[in-house]
Amino acid sequence: MEGETSWNSHCIDDMSKDIDSILPDDLLERILAYLPIASIFRAGSVCRRWHEMVSSKRFLWNFSHVLSQKPWYFMFTSSDEPVGYAYDPILRKWYTIELPCIQTPNWFIASSCGLVCFMDNDSRSELHVCNPITKICKKLQEPPGMKFSDYSALSLSVSRTSHNYTISIVKSKQVPGNFLQWDLSIHIYDSETMMWATSLTEVLTGWRGGDESVICDGVLYFLIYSTGVGTPENRHSLVAYNLSSRSSPLIRSLIPVPGPLTCGRLMNLKGKLVMVGGIGKPDRPDIIKGIGIWVLNGRNWVEVGRMPHKFFQGFGELDDVFASSGTDNLIYIQSYGAPALLVFDMNQKLWKWSLKCPVSKKFPLQLFTGFCFEPRLEIAP
């Protein structure tokens with residue numbers, strides 16, 4: 001990991017000399033565990049004692065039991081290569097990190113509790129789960145179901161206690177010769193059994209699947225999209241699929257979205273389903289007029305934030321102009337057309353730009369995207 005800016009190494013050396021002469025190992029480990037994760041990497045290079053300390057199992061246990069690190073945001077800076085920078089909101093710095101496994105930026109990506117899942121965008125049968133900080137990676141067996149689906153939605157949920165994880169893929173493909181009917185299937189991977197299972201297959205009429213899904217508290221939520229029937233308010237709908245009871249048909253579990261949306265981005269923030277959505281104009285629902293944030297309470301949406309106009313001006317007027325993801329209390333929103341990153345703090349209800357990413361737009365049609373993940377050392381796939 002290489003910082004665009006770095007700590008003052010002399011300060012660290014002086015601090016290490018003073019601390020080494022006073023503190024026993026167990027107390028020093030607990031102190032180092034409270035550092036931002038980028039600083040832990042630097043601390044490990046100070047001396048042999050510190051390196052062995054931050055690499056030990058006891059330190060990783062201490063690290064996992066302190067206050068959670070703020071989520072980072074990885075921004076792709078190329079349309080062809082999976083390269084880019086990761087933003088640390090604590091130190092407000094961008095770091096160059098290399099992502100393992102992923103081959104192109106257009107792969108499907110889902111993250112949870114320090115792990116990230118990548119799925120290829122061609123056959124949608126190659127999946128990897130990795131820790132982007134430690135670079136530990138695992139390739140999964142090919143999922144069941146249709147290959148080359150028209151739409152796929154990937155989600156990942158990691159247990160914070162056992163570190164077991166669940167992966168879901170919602171696949172959707174048009175029924176041949178029938179524009180209104182779409183085959184939809186849900187496939188679930190359990191890391192404990194290391195096996196896939198097809199949880200549901202169903203034919204939807206008037207709706208199709210998409211590429212947005214997330215798992216919250218044992219419920220798989222995913223957006224579906226109208227195939228042309230209904231009013232503009234019904235262009236989108238949310239499916240709540242309980243992974244334990246596996247209720248069907250899906251049409252019974254539909255939850256209306258809050259008003260006419262141009263697009264929606266789903267995320268799990270501390271067990272709550274949060275949606276960041278483009279607000280459509282009443283007379284032109286395909287034109288975005290603002291960006292709002294809602295939390296699902298039961299079957300009702302509660303608006304918790306709306307992007308101020310001064311921030312929204314750079315997002316354009318098309319229907320699908322931004323990427324958004326988040327965890328803990330932070331939501332990241334990024335325009336596809338620029339390397340600018342906006343951060344919304346759910347606790348403080350505060351909007352602010354991140355430190356400028358050290359990359360510039362090279363040509364007018366260059367697109368930028370990214371994803372949020374928790375930087376953790378102790379978890380492996």
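Here, residue 1 is the first one in the sequence, and each next residue gets the next number.
- At least one side-chain heavy atom of I333 sits less than 4.5 Å from a side-chain heavy atom of M307.
- Here CH2 of W72 is found 9.0 Å from CD1 of I90. Values are rounded to the nearest 0.5 Å.
- In this structure the side chain of F74 reaches within 4.5 angstrom of the side chain of L99, judged on heavy atoms.
- To the nearest 0.5 angstrom, L115 atom CG is 6.0 Å from N131 atom CG.
- Hydrophobic clustering, with ILVMFWY side chains joined whenever heavy atoms are under 4.5 angstrom apart, keeps L156 apart from I102.
- Cysteines C137 and C101 have SG atoms closer than 2.5 angstrom.
- One finds the CD1 atom of I109 at 10.0 Å from the SG atom of C117 (value rounded to the nearest 0.5 Å).
- A 4.5 Å side-chain heavy-atom check between S152 and M119 finds at least one atom pair inside the cut-off.
- P89 approaches L330 most closely through the heavy-atom pair CG-CD1, 3.9 Å.
- Scanning both residues, K310 and Q313, for their nearest heavy atoms gives O-OE1, 3.9 Å.
- Both V274 and I291 are assigned to one and the same hydrophobic cluster, defined by single-linkage of ILVMFWY side chains at heavy-atom distances under 4.5 Å.
- Between I288 and G278, the shortest heavy-atom contact is CD1-CA, 3.6 Å.
- In this structure, S112 contributes its side chain and V158 its backbone to a donor-acceptor pair below 3.5 Å.
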Q. Should Y332 and V276 be marked as a side chain to side chain contact (heavy atoms under 4.5 Å, CB included) after you check the CA-CA gap, both sets of side-chain angles, and the distance that decides it?
A. CA-CA 10 Å; Y332 292 100; V276 178; over 6 Å; no

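- I167 and V219 are assigned to two separate hydrophobic clusters, defined by single-linkage of ILVMFWY side chains at heavy-atom distances under 4.5 Å.
- When the options N121, D122, D120 are evaluated for a side-chain hydrogen bond (donor to acceptor under 3.5 Å, both in side chains) with R124, the one that passes is N121.
- In this structure, the side chain of S335 engages the main chain of G337 through a donor-acceptor pair within 3.5 Å.
- Residues P132 and G114 come closest through the heavy atom pair CD-O, 3.6 Å.
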**Q.** Trace of the side-chain hydrogen bond (donor to acceptor under 3.5 Å, both in side chains) decision for S199 with Y241
**A.** CA-CA 10 Å; S199 180; Y241 179 73; 2.5 Å; yes

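- Put simply, CG on D190 and CD1 on I188 are 9.5 Å apart, with the number rounded to the nearest 0.5 Å.
- With contacts defined as side-chain heavy-atom distances shorter than 4.5 Å, the pair E126/E142 does not qualify.
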Q: I would like to know whether F118 and L127 meet side chain to side chain contact (heavy atoms under 4.5 Å, CB included); could you show each step before the answer?
A: CA-CA 6 Å; F118 300 115; L127 285 98; over 6 Å; no

Q.
What verdict does the side chain to side chain contact (heavy atoms under 4.5 Å, CB included) test give for L367 and F76, after you've listed the backbone C-alpha separation in whole Å, the side-chain angles of each residue and the deciding distance to 0.1 Å?
A. CA-CA 9 Å; L367 299 179; F76 292 104; over 6 Å; no

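- The environment of K138 atom NZ is dense: over 12 non-hydrogen atoms of other residues, nucleotides or ligands sit within 6.0 angstrom.
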Quiz: residues 210-218 side-chain donor-acceptor pairs under 3.5 angstrom, not counting sequence neighbours:
{"unit_1": "E212", "atom_1": "OE1", "unit_2": "L266", "atom_2": "N", "d": "2.9"}
{"unit_1": "S213", "atom_1": "OG", "unit_2": "L154", "atom_2": "O", "d": "3.3"}

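- No side-chain N or O of S78 forms a donor-acceptor pair with one of D80 less than 3.5 Å apart.
- Taking the six-membered ring for Trp and the full ring otherwise, the centers of Y189 and W196 sit less than 6.0 Å from each other.
- Side-chain atoms of R235 never come within 3.5 Å of backbone atoms of T227 as a donor-acceptor pair (strictly under, hydrogens ignored).
- Proximity of R208 to I224: side-chain heavy atoms (C-beta onward) are nowhere separated by under 4.5 Å.
- More than 12 heavy atoms of other residues, nucleotides or ligands sit less than 6.0 Å from atom NZ of K361.
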Q: Test side chain to side chain contact (heavy atoms under 4.5 Å, CB included) on F222 and L184 and set out the steps.
A: CA-CA 12 Å; F222 59 94; L184 187 140; 4.0 Å; yes

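- Panel note: side chain S253, backbone L250; a donor-acceptor pair is recorded below 3.5 Å.
- Atom CZ of F371 and atom CZ of F108 lie 15.0 Å apart (nearest 0.5 Å).
- Residues H236 and Y225 place their aromatic rings such that the two centres sit under 6.0 Å apart.
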Q: Please report the C-alpha distance between Q334 and Y73 in whole Å, then the side-chain angles of each, then the deciding distance to 0.1 Å, and finally whether the side-chain hydrogen bond (donor to acceptor under 3.5 Å, both in side chains) criterion is met.
A: CA-CA 10 Å; Q334 176 190 358; Y73 188 85; 2.6 Å; yes

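- In this structure, the side chains of V83 and T96 stay at 4.5 Å or more apart for every pair of heavy atoms.
- For the pair N164 (side chain) and S191 (backbone), a donor-acceptor distance under 3.5 Å is absent.
- Between T262 and I279 the shortest side-chain heavy-atom distance does not fall below 4.5 Å.
- Ring-centre distance between Y87 and W94: below the 6.0 Å cut-off.
- Taking 4.0 Å as the cut-off between side-chain N and carboxylate O, K270 and D328 count as a salt-bridged pair.
- Under 3.5 Å, the side chains of Y221 and S155 contain no donor-acceptor pair of N or O atoms.
- At a threshold of 4.5 Å between side-chain heavy atoms, the hydrophobic network of Ile, Leu, Val, Met, Phe, Trp and Tyr places F344 and F322 in one connected group.
- Atom CD of E98 sits in a sparse spot, with 12 or fewer heavy atoms from other residues, nucleotides or ligands closer than 6.0 Å.
- With hydrogens and angles disregarded, no donor-acceptor distance shorter than 3.5 Å links the side chain of S185 to the backbone of T201.
- Summarising the geometry, atom CG belonging to N268 is positioned 12.5 Å from atom OG belonging to S325; distances are rounded to the nearest 0.5 Å.
- Of all the heavy atoms in W182 and S172, the pair that sits closest is CE3-OG, 3.5 Å.
- A salt bridge links E374 and R160; the closest N-O separation between the charged side-chain nitrogens and carboxylate oxygens is under 4.0 Å.
- Within 6.0 Å of NZ on K349 lie more than 12 heavy atoms contributed by other residues, nucleotides or ligands.
- Looking at heavy atoms from C-beta onward, H163 lies in side-chain contact with E378 at the 4.5 angstrom threshold.
- Side-chain atoms of N297 do not come within 3.5 Å of backbone N or O of N300 as any donor-acceptor pair.
- The nearest pair of heavy atoms linking M194 to Q141 is O-NE2, 2.8 Å.
- The hydrophobic cluster containing M346 also contains W353, counting ILVMFWY residues as joined when their side-chain heavy atoms lie under 4.5 angstrom apart, directly or transitively.
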